[in-house]
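Per chain, numbering begins at 1; letters A, B, ... match sequence-line order. All figures in this text were calculated on a predicted structure; none of them were measured in a lab. Heavy-atom basis, side chains included; hydrogens, waters and symmetry copies ignored.
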Number of protein chains: 2
Amino acid sequence: MSESPVPHEPPIYRRIADGLRARIHAGELRDGDRLPGENALMAEYAIARATARQALAVLINEGLAVPKRGSGVYVRQFKPIRRHGARRLSREQWGQGRAIWDADARGRPFTVDRVEVALERAAEDVARVLDSDQVWVRRRRYLVDARPVQLATSYFPAHLVEGSAITLTDTGPGGVYARLAELGVPPAHFTEEVRARMPNPRESNLLDLPGGTPVIVIARTAYASDGRPVELNEMILDSAAYVLQYDFDA
Amino acid sequence: MSESPVPHEPPIYRRIADGLRARIHAGELRDGDRLPGENALMAEYAIARATARQALAVLINEGLAVPKRGSGVYVRQFKPIRRHGARRLSREQWGQGRAIWDADARGRPFTVDRVEVALERAAEDVARVLDSDQVWVRRRRYLVDARPVQLATSYFPAHLVEGSAITLTDTGPGGVYARLAELGVPPAHFTEEVRARMPNPRESNLLDLPGGTPVIVIARTAYASDGRPVELNEMILDSAAYVLQYDFDA
């Protein structure tokens, strides 16, 4: 080659976002601090409003900042939770532990503030997956740092769990998976199906979501070693509160 | 127990949605057909408008229907793509192949209509993951059935891939992974980090997203067997077009 290619600069809004991110990571801008506003960025960098907005949008999209209506953009007070599928294969075993998104990998303590347990007729899709028209349903809401982050609804084939503590509010030590093991069907395989969509009003209300925040929906099916489905857990996650991580070999 | 618990009926909006879904699956309502409107459902079931709206929202949320502004809700014309992480562990090996969401599991043919290749200075987060300040960047847009469904941007450490076909528009047979193998660093492990958020204007435009459609963002890092990161691929997915599936053992 006659000459090396010249690297492109990242676009200006990216560089502004990089600078603000660095100040957040350095602790110079802290939880709850107001970020420079659009007008301040426009003046400082001689850029258009749309560009300033784009720079702030990068940080909002990364979950590092939250807009408050009519008041500006603030460093956000909640570090997303890193949720691992397939813990066995966690990257720490072989990788160098670098992640693209900043998130809290240690399990933060969560609380459950609502538990409803009921025997129900299964909706068509649930009946198909679990091969059962009657299901025991466990509905919970999970909070981290007093903030609701997840709604979880677990369905169990009624004939399988009838009479076990899975049908009680308190499932006892080890929870539902310990009870499934006692019933001779410990979960051996999991499938997680993941989608994203806007919340419905009930979800928006229960998760206390600000406008414009989508939810991640995970339908996790647990199978016994013989392939029999033993639980379907539908989880609705505040998308701003979570990073999902899956690790696997090529 | 003195008597068996009585199963609850699912709420009325669920039952209406189940009925409409059954008619879609039976082929009675087809792609592009208009679903009964709110007024029709209110009259037929003697329910409030909010309940009718909830019933339709179930199908919209499942990706089975799309609202068109001022015109009603239509059976959607695009079946979501089922994208598998960890193919090796695919559920077909042990499960019974039932999935909660209807999606096309066979690989539908996709096309790539834009490829941009450039040497760039890495943004701070990319530099950190790849341990390289200079990166070769490959930007593509993927279409399925002529509909844009994914934007993908792959980053490679410049010192690693310089001079290889990874820096060319046409990477040759087997694509970038075959070229990485020739360079002695075939991908051995993958980490996928998954988030969801609203699209920025550029993404919205390139993916031709209707309002209120979030994107799923997957940051996929490929590692060589010695743990060295060799590629970071940031994928922006139309959330209405995809179901992600991950399978793993307990």
Side-chain angles (χ1 to χ4, degrees), chain A residues 5-10 14 18 21-22 54 57 61 63 85-86 88-89 91 94-96 98-101 118-121 123-125 128-129 134 186-198 200 212 214-216 219 221 223 227 229 232 239 242-250, chain B residues 5-10 14 18 21-22 54 57 61 63 85-86 88-89 91 94-96 98-101 118-121 123-125 128-129 134 186-198 200 212 214-216 219 221 223 227 229 232 239 242-250:
Chain A
V6 177
H8 296 281
E9 285 283 336
R14 262 274 166 207
D18 287 353
R21 190 190 304 103
Q54 245 181 324
N61 286 340
R88 240 170 25 92
L89 286 170
R91 190 179 42 174
W94 44 264
Q96 290 167 41
R98 281 170 292 200
I100 188 78
W101 288 305
L119 179 63
E120 295 183 7
R121 190 165 304 166
E124 184 261 346
D125 49 352
R128 181 169 43 76
V129 170
Q134 300 272 316
H189 308 287
F190 294 99
T191 292
E192 296 199 348
E193 295 175 72
V194 179
R195 300 200 73 170
R197 58 170 170 77
M198 295 314 287
N200 64 35
V215 289
I216 294 173
T221 310
Y223 295 86
L232 171 63
S239 65
Y242 278 95
V243 174
L244 313 185
Q245 180 174 331
Y246 296 95
D247 301 287
F248 46 93
D249 292 333
Chain B
V6 177
H8 295 282
E9 286 282 338
R14 261 277 165 205
D18 287 353
R21 189 190 305 104
Q54 245 181 324
N61 286 339
R88 239 170 25 91
L89 288 169
R91 191 177 42 175
W94 43 264
Q96 290 167 40
R98 282 169 293 198
I100 187 78
W101 288 307
L119 179 63
E120 295 183 6
R121 189 163 304 167
E124 183 263 347
D125 50 351
R128 181 169 43 79
V129 170
Q134 300 273 317
H189 308 287
F190 294 99
T191 292
E192 296 198 347
E193 295 174 72
V194 180
R195 301 200 73 170
R197 58 170 171 77
M198 296 313 287
N200 63 36
V215 289
I216 294 173
T221 310
Y223 295 85
L232 170 64
S239 65
Y242 277 95
V243 174
L244 313 185
Q245 181 174 331
Y246 296 95
D247 302 286
F248 46 93
D249 292 332

So how far is it from [X] [atom1] to [Y] [atom2], rounded to the nearest 0.5 Å?
{"X": "A:Gln245", "Y": "B:Thr191", "atom1": "CD", "atom2": "OG1", "result": "5.0 Å"}
{"X": "B:Arg21", "Y": "A:Glu124", "atom1": "CZ", "atom2": "CD", "result": "5.5 Å"}
{"X": "A:Tyr246", "Y": "B:Phe248", "atom1": "OH", "atom2": "CZ", "result": "6.0 Å"}
{"X": "A:Asn200", "Y": "B:Gln54", "atom1": "CG", "atom2": "CD", "result": "6.5 Å"}
{"X": "A:Ser239", "Y": "B:Arg197", "atom1": "OG", "atom2": "CZ", "result": "10.0 Å"}
{"X": "B:Asp125", "Y": "A:Arg14", "atom1": "CG", "atom2": "CZ", "result": "5.5 Å"}

- Would you name the heavy atoms of B:Ala196 and A:Ile216 that are closest together and state the gap between them? CB-CG1, 3.7 Å
- Message: Does any backbone or side-chain atom of A:Ala57 lie under 4.5 Å from a heavy atom of chain B? Answer side chain, backbone, both or neither.
- Response: neither
